[in-house]
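What follows is a single structure, written as structure tokens, with notes after it.
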Number of protein chains: 2
Amino acid sequence: MSKKRNTTLKELSKELDLSISTVSRALNNHPDISQATKEKVKILAKQLNYAPNLFARGFRSRETHILGVIVPNIAHLFTSTILKGIIEEAELRGYRVIISESNNDERKQVDMLNTMTQFGVDGILMSLSRKTKNVDEVLKVLKRIPIVLFDKVSSKIPCTQIVINEEEAAFDAVEHLIELGKKRIAIIKETENSYNSEKRYAGYLRALKKYGLPVKNKIILSTEDISIGNGRRLTNILLSMKKRPDAIFAITDNAAIGAIKALHKFKVKIPEEIAVVGFSNSVNSTIVSPALTTVDQPGDRIGRTAVRFLIEEIESPSTDVMTKTVEIKTSLIVRDSSLMV
Amino acid sequence: MSKKRNTTLKELSKELDLSISTVSRALNNHPDISQATKEKVKILAKQLNYAPNLFARGFRSRETHILGVIVPNIAHLFTSTILKGIIEEAELRGYRVIISESNNDERKQVDMLNTMTQFGVDGILMSLSRKTKNVDEVLKVLKRIPIVLFDKVSSKIPCTQIVINEEEAAFDAVEHLIELGKKRIAIIKETENSYNSEKRYAGYLRALKKYGLPVKNKIILSTEDISIGNGRRLTNILLSMKKRPDAIFAITDNAAIGAIKALHKFKVKIPEEIAVVGFSNSVNSTIVSPALTTVDQPGDRIGRTAVRFLIEEIESPSTDVMTKTVEIKTSLIVRDSSLMV
DNA sequence: AAATAAATTGCAAACGTTTGCGGTAACGTT
DNA sequence: AACGTTACCGCAAACGTTTGCAATTTATTT
């Protein structure tokens with residue numbers, strides 16, 4: 001499987017009786033080179049199937065045109081949708097992408113960060129692993145190359161951050177329930193103060209406040225791991241109360257689906273007795289019955305804008321690092337779980 | 001954002017008053033170097049945070065330790081699970097991974113193939129885009145660097161191919177239905193003769209044959225695009241027949257879910273009147289009700305073995321290229337959609 | 001025609017690493 | 001004392017590209 005060598009500038013130059021530098025400049029459209037030679041060179045290059053050795057180039061120019069991406073877990077539809085956006089946008093702009101996982105392990109996260117810089121990536125796109133406590137290492141890397149955070153971000157890291165308008169989206173979702181006539185709206189959120197959970201909770205509170213509804217701590221439930229099972233479990237608790245809520249806002253589709261399963265089991269009518277709204281617009285939200293009202297997060301848009309900002313920072317001589325938050329608009333998708341006729 | 005330079009061999013050598021080559025050899029544990037100097041060098045290297053410039057190294061040695069991966073669509077849970085396996089196994093073995101999408105576009109596929117080789121990847125992992133007609137370009141690349149195919153493969157390309165035991169899995173699924181007492185088993189498959197569809201169909205036929213059941217062409221349905229919608233549509237056709245089937249084997253979870261939705265609408269009892277079995281064990285299969293019996297495909301195992309075989313080919317001087325098919329075992333997961341008590 | 005300016009092109013260094021080969025010093029052997 | 005061995009180390013070339021600067025040719029001006 002001997003790797004055959006590619007055509008090089010030297011070979012082209014020998015063939016054309018030109019210097020290597022002239023050939024190089026001709027291919028790069030340097031103004032110093034006459035139109036005639038440019039043509040000649042390009043034609044032969046095409047004939048011989050010339051392709052620049054990217055390693056030699058990256059080696060010399062100290063630019064690799066590679067972006068590093070670190071996510072907690074790639075095997076997650078929302079994540080892979082973001083990655084799709086990242087890959088497509090990067091390729092569009094002549095960059096390639098190296099992807100790595102942190103598995104929600106903070107140590108692994110800084111490991112990856114370091115190997116990536118060692119590798120010479122031009123910049124890094126990262127979604128923080130859950131419970132990232134110590135950002136010192138990240139800051140150290142940030143001093144050397146640009147980083148853009150997305151989805152799971154942290155205000156402790158001064159760089160541009162791409163998120164969805166969590167707060168507003170949650171507000172919209174709850175407002176939608178209120179407009180339906182619901183007055184006792186429960187929320188299922190995360191115990192851990194993750195950025196996302198906090199913001200969504202804030203949106204929930206703001207909606208209640210705007211419409212003058214009381215905040216009942218009893219129906220504000222939290223769980224460590226926001227899964228289908230726990231959604232189910234917490235909903236059972238809600239159902240056991242003497243005064244049941246008339247709607248559930250789950251911070252996650254999975255939790256919402258768990259809620260629906262629980263309601264189903266106890267033959268509670270959805271949405272008449274209790275309406276349900278989720279967050280994510282995962283595939284499952286259309287599979288479950290009744291179909292789930294949820295917030296659509298445009299994953300590929302997130303990925304694309306993250307790439308745009310990163311490349312911007314890479315290519316422009318660059319201003320100082322500073323926190324800049326970019327919000328991607330979401331939209332509420334109303335389905336049967338909150339559709340009153 | 002000026003990229004600060006890393007420490008180089010030269011700097012180490014100057015500091016230690018040794019030659020660059022000695023330092024290099026010391027770090028690489030060359031036998032020519034005394035234990036004492038090795039120690040000295042390594043200590044200073046650690047102190048100064050030395051990390052070899054991978055581009056310079058790759059440039060010189062013509063080995064990049066990068067694997068290229070091409071898949072039709074990353075935003076697909078099964079695919080991203082495979083990728084997870086690929087990334088993890090590759091990192092374990094000191095390789096990095098560049099991922100790219102073909103979007104089921106044959107032209108894009110060869111484009112990616114070419115940029116990847118130009119980029120200098122050591123090998124390529126690929127899942128073929130649907131309807132790959134012309135494999136000439138792939139063969140051309142195969143002459144230069146090793147390729148390993150997975151999931152969507154083709155016998156026209158002489159290389160190692162990692163697949164699941166499609167035929168056997170399908171056989172097991174249908175056998176399971178037969179053991180349930182079902183005698184008139186419909187199948188929903190793809191029109192296009194994809195490798196996967198063909199094999200699963202073959203398994204279906206073999207099971208019928210083994211148990212002496214007749215093959216009824218009427219209840220062998222095909223569709224171009226095997227989606228939820230089409231699963232629904234074809235099931236409607238099955239329901240309109242004077243002699244309905246008593247089970248449906250859908251080649252895909254999505255099609256099976258469509259089938260369940262259709263059956264639900266017409267109040268057909270699952271599995272008593274008609275049982276349903278899918279293929280993939282997607283998340284949805286547990287969300288839909290009744291929960292779907294399906295074939296579990298261990299995505300990360302596929303990814304991991306693909307990487308193992310590829311690296312094997314890269315690092316061993318290599319024998320000739322030839323077709324070698326490796327089958328990963330699946331297992332049938334029985335759920336309510338085929339659970340008769 | 002000479003001098004100057006403009007348009008092209010070539011030279012050579014540099015990027016950081018690996019490696020074949022030659023060199024030195026110390027040691028053991030006759 | 002002369003030689004051969006061994007252990008350790010340095011020189012320098014090479015990988016393919018880009019680029020500042022010098023060199024050459026051509027065109028323009030006086």
Cationic N near anionic O, under 4.0 Å, B/D111 to B/R107: yes

No-H, no-angle donor-acceptor pair, B/S61 side chain to D/dC15 base, under 3.5 Å: no

Test side chain to side chain contact (heavy atoms under 4.5 Å, CB included) applied to B/I98 - qualifying residues, sequence neighbours left out: A/R96, A/I98, B/I66, B/M116, B/F119

Between C/dT19 (P) and B/L27 (CG): distance, integer Å: 13 Å

Polar pair under 3.5 Å, donor/acceptor by atom type, side chain A/S21, base C/dC11: yes

Separation of atom CD1 in B/I20 from atom C1' in D/dA13, rounded to whole Å: 13 Å

Cationic N near anionic O, under 4.0 Å, B/K108 to A/E91: yes

Sequence neighbours excluded - salt bridge (Lys or Arg N to Asp or Glu O under 4.0 Å) pairs with any residue from residues 43-52 of chain B: none

Distance, rounded to the nearest Å, where A/E63 contributes CD and D/dG16 contributes P: 21 Å

Salt-bridge contact B/E312-B/R308 (side-chain N to carboxylate O under 4.0 Å): no

Residue mapping more 5' on DNA chain D - nearest nucleotide basis, A/N28 or B/V23: B/V23

Evaluation steps, side chain to side chain donor-acceptor pair (under 3.5 Å), between B/S21 and B/S24: CA-CA 5 Å; B/S21 37; B/S24 169; over 6 Å; no

Lys/Arg-Asp/Glu bridge criterion (N-O < 4.0 Å) met for B/K84, A/E101: yes

Under 3.5 Å side-chain donor-acceptor pair for A/D122 and A/T64: yes

Interface polar pairs with nucleotides 25-27 of chain D, N/O, under 3.5 angstrom:
none

Nucleotide D/dT17, atom C1' - distance to CZ of A/R62 in whole Å: 13 Å

CA sep, side-chain torsions, deciding dist, call: A/L139, A/I157, side-chain contact (heavy atoms from CB on, under 4.5 Å): CA-CA 7 Å; A/L139 295 179; A/I157 304 174; 4.3 Å; yes

Value in whole Å for how far the P atom of C/dA12 lies from NZ of A/K10: 15 Å

Check: B/R130/B/N73 side-chain N/O donor and acceptor closer than 3.5 Å: no

Chi angles and distances behind the side-chain contact (heavy atoms from CB on, under 4.5 Å) call for A/L27, A/V41: CA-CA 7 Å; A/L27 290 173; A/V41 172; 3.8 Å; yes

Stepwise side chain to side chain donor-acceptor pair (under 3.5 Å) test for B/K42 and B/N29: CA-CA 10 Å; B/K42 285 181 183 171; B/N29 267 322; 3.1 Å; yes

Qualifying residue, where the test is side-chain contact (heavy atoms from CB on, under 4.5 Å) with A/I302 and the options are A/I162, A/T81, A/V163, A/I86: A/I162

Spacing of B/L9 atom CG relative to D/dA12 atom P, expressed in whole Å: 18 Å

Electrostatic pair B/K140-B/E137, nearest N-O below 4.0 angstrom: yes

Terminal axis angle for the helix from C/dA1-D/dT30 to C/dT30-D/dA1, five pairs an end, nearest 10 degrees: 60°

DNA chain C contacts among residues 40-60 of chain A, heavy-atom distance under 4.0 Å: A/F59, A/R60

Gap between atoms NE2 and C1', on B/H65 and C/dT17 respectively (whole Å): 15 Å

Base-contact (B) and sugar-phosphate-only (S) positions in nucleotides 4-9 of chain C, heavy-atom cut-off under 4.0 Å, - elsewhere: ----BB

Atom pair distance, as rounded to whole Å: CD in A/Q118 and P in C/dT17: 10 Å

